[in-house]
Structure formats: C-alpha cells, structure tokens
Amino acid sequence: MTPSPHDLEVEKNIREYGCHVYSVLAAEDGSSPSFSYSIGLQDSAGVPDVIVLGEGSRISKSMIDAYQEFALSGIRFEPGRRYAGFLGGGFEVYIEPVTSNAVFDFMLGCVRWYGKRPWRAVQIVYPSVQGVWPWEAAAPDWLVRGQPMLGRARLDLGRD
C-alpha cells in the first residue's frame with residue numbers, strides 16, 4: 001500500500017523533530033473539546049505519546065514540546081505526581097496514563113502510525129490560571145468539560 005501524503009508528512013516530522021503533533025478543534029455542539037497529541041514519541045524517545053485536552057493548538061503544542069524535552073533529558077513520568085515547567089509561571093501538571101479505549105476516541109493518528117505494534121499514551125492534566133484543578137469544587141465548568149480524564153475515574157465524581 002502506498003503511503004498517503006499525510007502519512008509521509010507524519011513520518012518526515014517524526015524523523016526530523018521526534019514527533020508529529022496533530023490538533024483537533026472542539027466540536028461545534030460542545031460534545032468534544034479541542035485537543036492535540038503527539039505521534040511517534042515512543043519510537044523516537046522511548047516514552048508514551050502524549051495528549052492535551054481543552055486547550056488550543058499553540059498552548060497544547062508548547063506542553064507537548066516540554067514533555068518531549070523533559071523525556072529527552074531522561075525524565076520519566078510517574079502517574080499521579082505533579083510536574084513543574086510545562087506552563088510557565090510555576091504551574092504544575094499531572095501526567096496520567098491513557099486507557100487503550102480512549103486512544104481510539106482521541107488518538108487515531110497514533111493508532112494508524114503504530115498499527116499492530118504496542119504503544120502507550122499519557123495525558124497532561126493542567127490547572128486553571130488560578131491553580132485550580134479540574135476535579136476541585138472551585139474549578140470552572142470550561143476546565144471540567146475540557147479535560148475528561150482518559151485513564152482513570154475522575155477525582156470529582158461527587159461534583160455537581
């Protein structure tokens with residue numbers, strides 16, 4: 001099968017930059033948030049590919065770039081721990097594993113790239129500018145709706 005022009009672009013970006021970043025706009029009906037994700041980091045850096053939900057492509061790409069830079073410097077992320085240096089201004093993020101079911105809903109480019117090869121993905125979960133996490137009672141609705149947890153049950157199940 002001859003690769004499509006898009007497949008060739010993905011391959012070129014992975015070869016040159018270590019990954020390809022794919023961004024998707026939010027659904028007009030609000031059923032899905034904007035999101036961006038990497039393709040190829042497992043091949044180039046030996047770390048899970050990464051997804052950022054609820055932000056525009058520019059901010060999401062900067063978080064993905066930071067994740068890649070940390071990974072290339074030897075940092076390996078553990079679930080449930082906070083990590084600084086992704087958003088500037090001292091904000092921290094969580095790095096959470098993504099379930100295999102969720103990758104089919106959000107990361108089809110990875111599904112296509114890896115094919116039958118095993119691969120993993122993680123999600124960068126971030127707070128509001130005020131430092132409020134999506135599972136906290138004070139979290140704004142846009143933050144809660146924009147960041148569905150793709151790897152574990154949300155901590156805010158009791159939230160109204």
Side-chain angles (χ1 to χ4, degrees), residues 6 10 13 17-42 45 47-73 75-114 118-160:
H6 177 71
V10 169
N13 287 339
Y17 307 111
C19 73
H20 178 84
V21 176
Y22 192 79
S23 296
V24 177
L25 295 174
E28 286 185 25
D29 66 1
S31 62
S32 177
S34 294
F35 60 95
S36 297
Y37 62 93
S38 69
I39 303 171
L41 281 175
Q42 187 157 302
V47 296
D49 277 283
V50 63
I51 186 168
V52 177
L53 293 106
E55 281 293 341
S57 61
R58 191 174 118 278
I59 291 173
S60 294
K61 185 173 181 329
S62 72
M63 285 193 262
I64 292 168
D65 289 346
Y67 172 84
Q68 181 180 16
E69 288 175 27
F70 284 126
L72 291 173
S73 74
I75 294 175
R76 295 302 180 253
F77 299 97
E78 297 175 30
R81 275 192 56 207
R82 292 183 185 187
Y83 292 91
F86 282 79
L87 296 171
F91 288 107
E92 297 175 309
V93 300
Y94 276 99
I95 307 294
E96 289 289 333
V98 174
T99 65
S100 57
N101 290 340
V103 299
F104 288 101
D105 292 335
F106 290 95
M107 301 177 79
L108 289 177
C110 285
V111 172
R112 182 174 175 91
W113 173 256
Y114 292 107
W119 61 282
R120 296 175 300 131
V122 294
Q123 176 182 0
I124 296 175
V125 181
Y126 55 89
S128 70
V129 174
Q130 294 78 23
V132 179
W133 294 93
W135 50 80
E136 293 180 326
D141 286 340
W142 66 265
L143 187 66
V144 175
R145 282 191 317 271
Q147 289 193 84
M149 297 291 285
L150 303 182
R152 65 177 171 150
R154 289 192 64 136
L155 303 175
D156 63 349
L157 293 178
R159 209 182 131 94
D160 294 333

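- By the neighbour-count criterion of 12 heavy atoms within 6.0 Å, atom CG of L25 is sparsely surrounded, having that number or fewer from other residues, nucleotides or ligands.
- Taking every heavy atom of both residues into account, I124 and Q147 meet most closely at O-OE1, 3.9 Å.
- Side-chain contact check for V93 versus V125: every heavy-atom pair is 4.5 Å or farther apart.
- R81 contributes no side-chain N or O that, together with a main-chain N or O of Y94, makes up a donor-acceptor pair within less than 3.5 Å.
- Residues E55 and Y126 are in side-chain contact: their nearest non-hydrogen atoms beyond the backbone lie under 4.5 Å apart.
- Listed here is the closest heavy atom pair of M63 and V52: CE-CG1, 3.5 Å.
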Does the side-chain hydrogen bond (donor to acceptor under 3.5 Å, both in side chains) test come out yes or no for T99 and N101, once each step is laid out? CA-CA 5 Å; T99 65; N101 290 340; 5.2 Å; no

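- Contact of the Y22 side chain with the H6 side chain is registered, since non-hydrogen atoms from C-beta on lie closer than 4.5 Å.
- S62 and I59 make their closest contact through OG-O, 2.7 Å (heavy atoms, listed as atom of the first residue, atom of the second, distance).
- Distance check: I64 CD1 to H20 NE2 gives 10.5 Å after rounding to the nearest 0.5 Å.
- In this structure, the ring of F106 has its center less than 6.0 angstrom from the ring center of F35.
- Residues satisfying the side chain to side chain donor-acceptor pair (under 3.5 Å) test with S36, not counting sequence neighbours, are S23.
- Formation of a donor-acceptor pair under 3.5 Å by the Q123 side chain with backbone atoms of L150 is found in this model.
- Contact detail for W113 and G40: the closest heavy-atom pair is NE1-CA, 4.1 Å.
- The six-membered or imidazole ring of Y67 lies near that of F77, with a centre-to-centre distance under 6.0 Å.
- Here the closest heavy-atom approach between residue V144 and residue A139 is recorded as CG2-CB, 3.8 Å.
- With hydrogens and angles disregarded, a donor-acceptor distance shorter than 3.5 Å links the side chain of D49 to the backbone of L41.
- Heavy-atom neighbours of F86 CZ from other residues, nucleotides or ligands within 6.0 Å: above the threshold of 12.
- The number of heavy-atom neighbours closer than 6.0 Å to CZ of R58, taken from other residues, nucleotides and ligands shown, is 12 or below.
- P148 has its side chain within reach of P33: a pair of non-hydrogen atoms, C-beta onward, lies under 4.5 Å apart.
- Inter-residue side-chain proximity for Q68 and S38 is flagged as unmet; no heavy-atom pair is nearer than 4.5 Å.
- Side-chain N or O atoms of Y114 include none that pairs as donor or acceptor with a backbone N or O of I39 at under 3.5 Å.
- Between P127 and E92 the shortest heavy-atom distance is CD-O, 3.1 Å.
- With hydrogens and angles ignored, the 3.5 Å screen pairs a side-chain donor or acceptor of Q42 with a backbone N or O of R120.
- A distance of 11.5 Å separates CD of E136 from CD of Q130, quoted to the nearest 0.5 Å.
- Looking at W133 and L143, their side chains never come closer than 4.5 Å, going by heavy atoms from C-beta outward.
- One finds the CG atom of L108 at 6.0 Å from the OH atom of Y37 (value rounded to the nearest 0.5 Å).
- Atom CG of L53 sits about 7.5 Å away from atom OG of S32, to the nearest 0.5 Å.
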